[in-house]
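All of these numbers come straight from a predicted model, not from anything done at the bench.
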Amino acid sequence: MIPSPQSFSFPSAIGPADRMFGVRILLPPSEGKTWPDSGPALELRGLSFPELTDARRRVLEALIDVSGRDDAAGILKVGKRVMPEVLAQRELRDMPCAPAYQVYTGVLFQAARLHGGNEVMIFSGLFGVTTAEDLIPAYRLSMNTSLPGIGSLKTFWRRELTKAGFGRANCVAKHGTTTDAAIDDSMEVAVETAPNTTVDMRSGAYQVTTPHGQWWDLRVLDSHGKMVTHAAKHYRGLMTRALLDARHESQEGHPGVSADIREHEEPIDVARVARSLGNVEIVNDGLRHHITLRLQES
């Protein structure tokens with residue numbers, strides 16, 4: 001038994017990433033995970049975004065193969081402490097699964113306090129993209145890994161996600177232009193009926209797609225202006241929770257209104273939500289909006 005066991009979509013011509021209601025929230029996975037002690041086995045075809053099934057199967061098979069090799073620690077870039085978890089991945093197809101929001105338990109997810117019904121997109125080296133409610137096992141595989149037979153996971157998933165219709169690169173391919181204004185003009189009808197705002201909470205390794213349309217990101221600086229990564233995870237989690245709460249309050253403000261009609265309600269004020277975190281600066285660069293949170297000395 002592995003240590004510490006414990007017992008969603010956006011419609012439009014824009015692509016699979018537009019299947020969820022409201023502002024898109026993009027998250028990375030977390031290295032920290034809870035290993036389910038019971039649950040169904042992994043069913044790749046049961047995951048959201050089934051167009052990624054074949055790509056997921058290729059990565060899964062490569063990971064299972066690597067996990068049984070003598071050089072697994074070097075390939076997966078892990079220490080001896082987690083080798084029991086790596087060896088267990090030889091049985092990854094049969095390991096118990098739980099909703100992703102229960103499996104991922106790192107700093108960001110602790111702050112985000114995700115639960116059933118929360119609509120986010122989680123990018124990972126094993127599955128490409130899942131929702132918070134997809135049933136997955138715990139695993140060890142960073143996006144910074146290069147797997148035999150697959151190569152760099154970042155390159156692999158950038159290609160596979162583009163082919164499946166995720167991100168701005170797909171819009172460029174569809175509309176034959178590289179400018180955001182031209183892309184948005186060519187999708188005018190779709191934008192009128194679907195949210196076109198993305199809040200990107202992913203760390204650098206998981207930014208394998210570039211969002212189209214309005215796009216927000218968040219960085220965190222200490223009182224000396226130095227970027228801090230651990231605190232950034234915490235505040236990105238808080239930002240995620242605040243956005244989800246704002247979405248819930250917006251929906252509660254329209255009781256009895258169908259989901260189809262709710263898609264037309266006013267977008268969430270991302271700037272206002274960001275300012276609830278503390279001292280923030282917002283730099284607007286066309287469709288890109290960069291939020292900087294400056295921490296005060298305690």
Side-chain angles (χ1 to χ4, degrees), residues 1-6 27-109 122-130 134-164 166 202-209 229 233:
M1 180 63 65
I2 300 302
S4 303
Q6 293 182 13
L27 301 179
S30 67
E31 182 177 353
K33 299 178 182 71
T34 293
W35 296 74
D37 63 352
S38 63
L42 178 62
E43 178 52 62
L44 289 180
R45 292 192 177 278
L47 298 178
S48 299
F49 315 116
E51 55 269 52
L52 299 175
T53 298
D54 289 342
R56 289 164 174 160
R57 181 175 292 107
R58 289 180 59 192
V59 177
L60 177 68
E61 291 173 352
L63 178 58
I64 290 172
D65 180 65
V66 163
S67 297
R69 290 173 46 157
D70 292 339
D71 57 352
I75 294 174
L76 299 179
K77 302 177 183 179
V78 300
K80 293 182 179 179
R81 181 179 58 85
V82 300
M83 278 308 296
E85 300 172 5
V86 171
L87 291 172
Q89 293 184 149
R90 293 174 297 179
E91 307 298 328
L92 201 52
R93 292 187 187 88
D94 300 317
M95 290 172 62
C97 296
Y101 70 85
Q102 295 178 2
V103 172
Y104 295 124
T105 53
V107 173
L108 186 154
F109 286 85
I122 305 173
F123 287 70
S124 69
L126 180 53
F127 300 111
V129 185
T130 66
D134 279 317
L135 299 179
I136 64 170
Y139 62 92
R140 287 282 177 179
L141 183 65
S142 166
M143 187 69 85
N144 283 321
T145 303
S146 182
L147 288 177
I150 297 291
S152 163
L153 285 176
K154 286 193 286 188
T155 300
F156 175 83
W157 281 119
R158 186 177 294 115
R159 181 179 66 248
E160 294 300 322
L161 290 169
T162 298
K163 284 165 52 179
F166 289 81
R202 297 173 298 178
S203 50
Y206 293 91
Q207 292 174 356
V208 291
T209 61
T229 56
K233 295 177 183 178

Does any pair with a residue in [range] pass salt bridge (Lys or Arg N to Asp or Glu O under 4.0 Å), and if so which ones, sequence neighbours excluded?
range: residues 141-156; result: none
range: residues 38-47; result: none
range: residues 63-72; result: R69-D71

Quiz item: According to the ring pair (Phe, Tyr, Trp, His ring centres under 6.0 Å) rule, which pairs have a member within residues 60-96, sequence neighbours left out?
Solution: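 Pairs touching residues 60-96 that pass the test: none.
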Exercise. Enumerate the residue pairs fulfilling ring pair (Phe, Tyr, Trp, His ring centres under 6.0 Å) with a member in residues 57-106, sequence neighbours excluded, ordered by first and then second residue.
Key: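 Applying ring pair (Phe, Tyr, Trp, His ring centres under 6.0 Å) to every pair that reaches into residues 57-106, excluding sequence neighbours, yields Y104-F109.
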Supply the atom-to-atom distance [X] [atom1] to [Y] [atom2], rounded to the nearest 0.5 angstrom.
X: F49; Y: F166; atom1: CZ; atom2: CZ; result: 5.0 Å
X: E51; Y: E160; atom1: CD; atom2: CD; result: 11.5 Å
X: I136; Y: R56; atom1: CD1; atom2: CZ; result: 10.5 Å
X: L52; Y: L161; atom1: CG; atom2: CG; result: 5.5 Å
X: L92; Y: E61; atom1: CG; atom2: CD; result: 11.5 Å

Is the backbone of [Y] close enough, under 3.5 Å, to the side chain of [X] for a donor and an acceptor to pair up by distance?
X: D134; Y: S48; answer: yes
X: R58; Y: A55; answer: no
X: K77; Y: S142; answer: no
X: T145; Y: L147; answer: no

Practice problem: Sequence neighbours left out, what passes ring pair (Phe, Tyr, Trp, His ring centres under 6.0 Å) with Y206? Give chain and number order. | Solution: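 Y206 satisfies ring pair (Phe, Tyr, Trp, His ring centres under 6.0 Å) with no residue once adjacent residues are dropped.
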Practice problem: Using ring pair (Phe, Tyr, Trp, His ring centres under 6.0 Å) as the criterion, list what pairs up with F127, not counting sequence neighbours. | Solution: Y139
Quiz prompt | Non-neighbouring partners of R93 that pass salt bridge (charged side-chain N to carboxylate O under 4.0 Å, His left out), sequence neighbours left out | solution =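 With neighbours one apart ignored, the set is empty.
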Self-check item: Under the salt bridge (charged side-chain N to carboxylate O under 4.0 Å, His left out) test, residues paired with R140 that sit two or more places apart
Solution: E31, E85
Exercise. Using distance alone, with no hydrogens and no angle criterion, decide if R158 and S152 have a side-chain donor and acceptor under 3.5 Å apart.
Key: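 There is no such pair between these side chains.
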What pairs with [X] under side chain to side chain contact (heavy atoms under 4.5 Å, CB included), at least two apart in sequence or on another chain?
X: V107; answer: H230, K233, H234
X: S146; answer: none
X: A41; answer: none

